[in-house]
Amino acid sequence: MTYKPKSEFLRVMETRGFLSDCTDMEGLDEALMNGIVPAYIGFDATASSLHVGSLIQIMMLRWLQKTGHQPLVLMGGGTSKVGDPSFRADERSLMNDAQIAENIAGIKKVFASYVTFGDGTTDAKMLNNADWLDNLNYLTFLRDVGQYFSVNRMLSFESVKQRIDREQSLSFLEFNYMILQAYDFMEINRQFGCLLQMGGSDQWGNIVNGIDLSRRMSQATVFGLTSPLLTTADGKKMGKSQAGAVWLNADMRSPYEFWQFWRNTLDADVAKFLKLYTELPIEECERLGALEGSDINAAKITLANEVTTLAHGAEAAKTAEATAREVFEKGGVGDDLPTVTLNAQDIGENGISIVQLFVKSGLAPSGKEAKRTIASGGAKMNDEVVNDAGTMVSADAIAATVKLSAGKKRHALVKIAE
């Protein structure tokens, strides 16, 4: 018989679709019932923002706090110097300390919208594994920690096997990552009483290593819980769009673009995304997700509003919806559309080509793609179809603000710097 959790946190994880696997469901459930459980998820500082692909883990930390436990946000200031090789086809580019510090500063902004930080027993803490990893003595680490790791076992992990099977290089530097992550769990347990590590299902091997090391070196009983790796109904990786990664920081992806990403959710994903990325009751998520035809669009607007409110605030969600209505229902410009500002040097004496405008506005990743959009009839300027990729746009036209459209759902404004 499948175990049915009693603690509120695990019931939320199970019913809303967050739960993929757990190392000891009954043991963790008992710990959650008996007191405050500190739990952590690690985030490597490979960019100055997290994107939608990390949002499921962020929501897990939010629900952990909402159900009376303590979220620990671990910044990989140390491990980012190595890079997680899990399910990657190549080695990550190495970053210096300044890059990592800048990225961590950007990522911190994300979490302030989802969890409450402070000094209380359930207040979130932000940790940085550089605080303990930077000071490790290599020989001491090899002797005291390395003895507990079997290379045979490490080679058996799926993330490593895939790289080897594809005959792609796996450096010794990357191979050490799983040892460092295991050490993180043990150290966070020692310093902060952390009983649970959570992460995506691709982190299962690393989490199990940390549990084993904590038991061997500290005689600690700790737990692991993973979430499913999500793809959209059409098989695409969650967090990507035609314009690239859907970043959570407003300075990297505007609230309107963020809202529009969720508004464009496939019908088949609406119920699932409402459960994972909003706090609406399960019954309401299922009701909205079951709508059909044009009615499902109302559910998508609800999804977009709820997720954008959590990430950027209620006012940003309201403005984004109003802009969408202005653009799509009334054919207007929409002042909150993504805007690119050009100067005289960008435009030149003879103007700027429509192809370059599409690239600079972010509506096309390359000139080739912009030309393809124009050739297919999907490019518009000020709501008029552009048929000629050689069209030049004058400075005077841009001074009056140009609205560009790629297809029916992607728009941007182009202005001249004042």
Side-chain angles (χ1 to χ4, degrees), residues 40-55 57-58 61 71-115 117-118 124-142 145 169-188 191-192 197 199-200 202-203 206 210 239-240 243-255 257-258 311-312 340-341 343 360 362 365:
Y40 89 96
I41 299 178
F43 301 88
D44 271 348
T46 52
S48 58
S49 173
L50 299 175
H51 60 65
V52 165
S54 298
L55 192 51
Q57 276 78 45
I58 296 172
L61 290 173
L72 303 174
V73 181
L74 178 66
M75 291 285 95
T79 44
S80 292
K81 298 172 186 176
V82 177
D84 184 358
S86 297
F87 296 94
R88 288 180 59 86
D90 54 6
E91 186 174 351
R92 289 188 187 276
S93 299
L94 300 183
M95 297 183 296
N96 59 39
D97 289 350
Q99 287 175 304
I100 292 172
E102 183 179 340
N103 288 347
I104 289 176
I107 291 171
K108 282 182 178 179
K109 299 175 185 176
V110 172
F111 284 95
S113 299
Y114 291 92
V115 295
F117 291 91
K125 294 183 182 297
M126 183 163 280
L127 315 177
N128 186 339
N129 62 14
D131 291 344
W132 51 85
L133 295 182
D134 279 1
N135 299 318
L136 288 176
N137 178 283
Y138 185 60
L139 290 178
T140 302
F141 183 75
L142 283 180
V145 180
S169 173
L170 180 68
S171 72
F172 178 72
L173 186 66
E174 292 179 290
F175 201 57
N176 271 267
Y177 183 92
M178 61 182 74
I179 300 178
L180 295 176
Q181 184 166 327
Y183 187 80
D184 279 346
F185 197 175
M186 185 192 70
E187 196 64 35
I188 296 171
Q191 292 192 39
F192 305 98
Q197 182 184 356
D202 59 335
Q203 295 299 314
N206 290 330
K240 300 290 184 180
V246 182
W247 300 107
L248 298 177
N249 282 21
D251 58 344
M252 294 180 67
R253 177 61 69 103
S254 73
E257 292 176 291
F258 185 81
H312 300 297
V340 60
T341 302
N343 54 41
K360 288 183 178 294

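V73 has its side chain out of reach of I41: every pair of non-hydrogen atoms, C-beta onward, lies at least 4.5 Å apart. In this structure the side chain of Q181 reaches within 4.5 angstrom of the side chain of Q197, judged on heavy atoms. Inter-residue side-chain proximity for L61 and I58 is flagged as unmet; no heavy-atom pair is nearer than 4.5 Å.
Residues A112 and F117 come closest through the heavy atom pair N-CE1, 4.3 Å. Scanning both residues, F258 and V52, for their nearest heavy atoms gives CE1-CG2, 3.9 Å. The nearest pair of heavy atoms linking N206 to M178 is OD1-CB, 3.0 Å. Heavy atoms only, all atoms of each residue included: A311 and Y114 are closest at CB-OH, 3.2 Å.
In terms of the side chain to side chain contact (heavy atoms under 4.5 Å, CB included) criterion, residue partners of A182 (sequence neighbours excluded) are, by chain and number, F149, N209, L213. By the ring-ring contact (aromatic ring centres under 6.0 Å, His included) test, F111 pairs with F43, sequence neighbours left out. N103 pairs by the side chain to side chain contact (heavy atoms under 4.5 Å, CB included) definition with A45, S48, M95, not counting sequence neighbours. With sequence neighbours left out, F141 forms a ring-ring contact (aromatic ring centres under 6.0 Å, His included) with Y183. Qualifying side-chain hydrogen bond (donor to acceptor under 3.5 Å, both in side chains) partners for N137, counting only residues two or more places apart in sequence or in other chains: T140.
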message = Before you tell me yes or no, could you show the steps for F192 and L72 under side-chain contact (heavy atoms from CB on, under 4.5 Å), namely the whole-Å CA-CA distance, both residues' side-chain angles and the distance that decides it to 0.1 Å?
response = CA-CA 9 Å; F192 305 98; L72 303 174; 4.2 Å; yes
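Distance CG/L74 to OH/Y40: 6.0 Å, rounded to 0.5 Å. Remark: L180 CG to T79 OG1 distance equals 7.0 Å, nearest 0.5 Å. Here I179 contributes atom CD1 and D184 contributes atom CG; the two are 12.5 Å apart, rounded to the nearest 0.5 Å. To the nearest 0.5 angstrom, W132 atom CH2 is 11.5 Å from N135 atom CG. Taken to the nearest 0.5 Å, the CE atom of M252 stands 10.0 Å off from the NE2 atom of H51.
Of the candidates D251, N249, I107, S49 forms a side-chain contact (heavy atoms from CB on, under 4.5 Å) with just one, namely N249.
Distance alone, capped at 3.5 Å, is enough to place a donor-acceptor pair between the N128 side chain and the G77 backbone. The main-chain N or O of I100 is never found under 3.5 Å from a side-chain atom of S80 such that the two would form a donor-acceptor pair.
Sequence neighbours left out, the pairs with a member in residues 124-138 that pass salt bridge (Lys or Arg N to Asp or Glu O under 4.0 Å) are K81-D134.
Side-chain contact annotation: E257 with S254, donor-acceptor N/O pair under 3.5 Å present.
Remark: E102 CD is loosely packed, at most 12 non-hydrogen atoms of other residues, nucleotides or ligands lying under 6.0 Å away.
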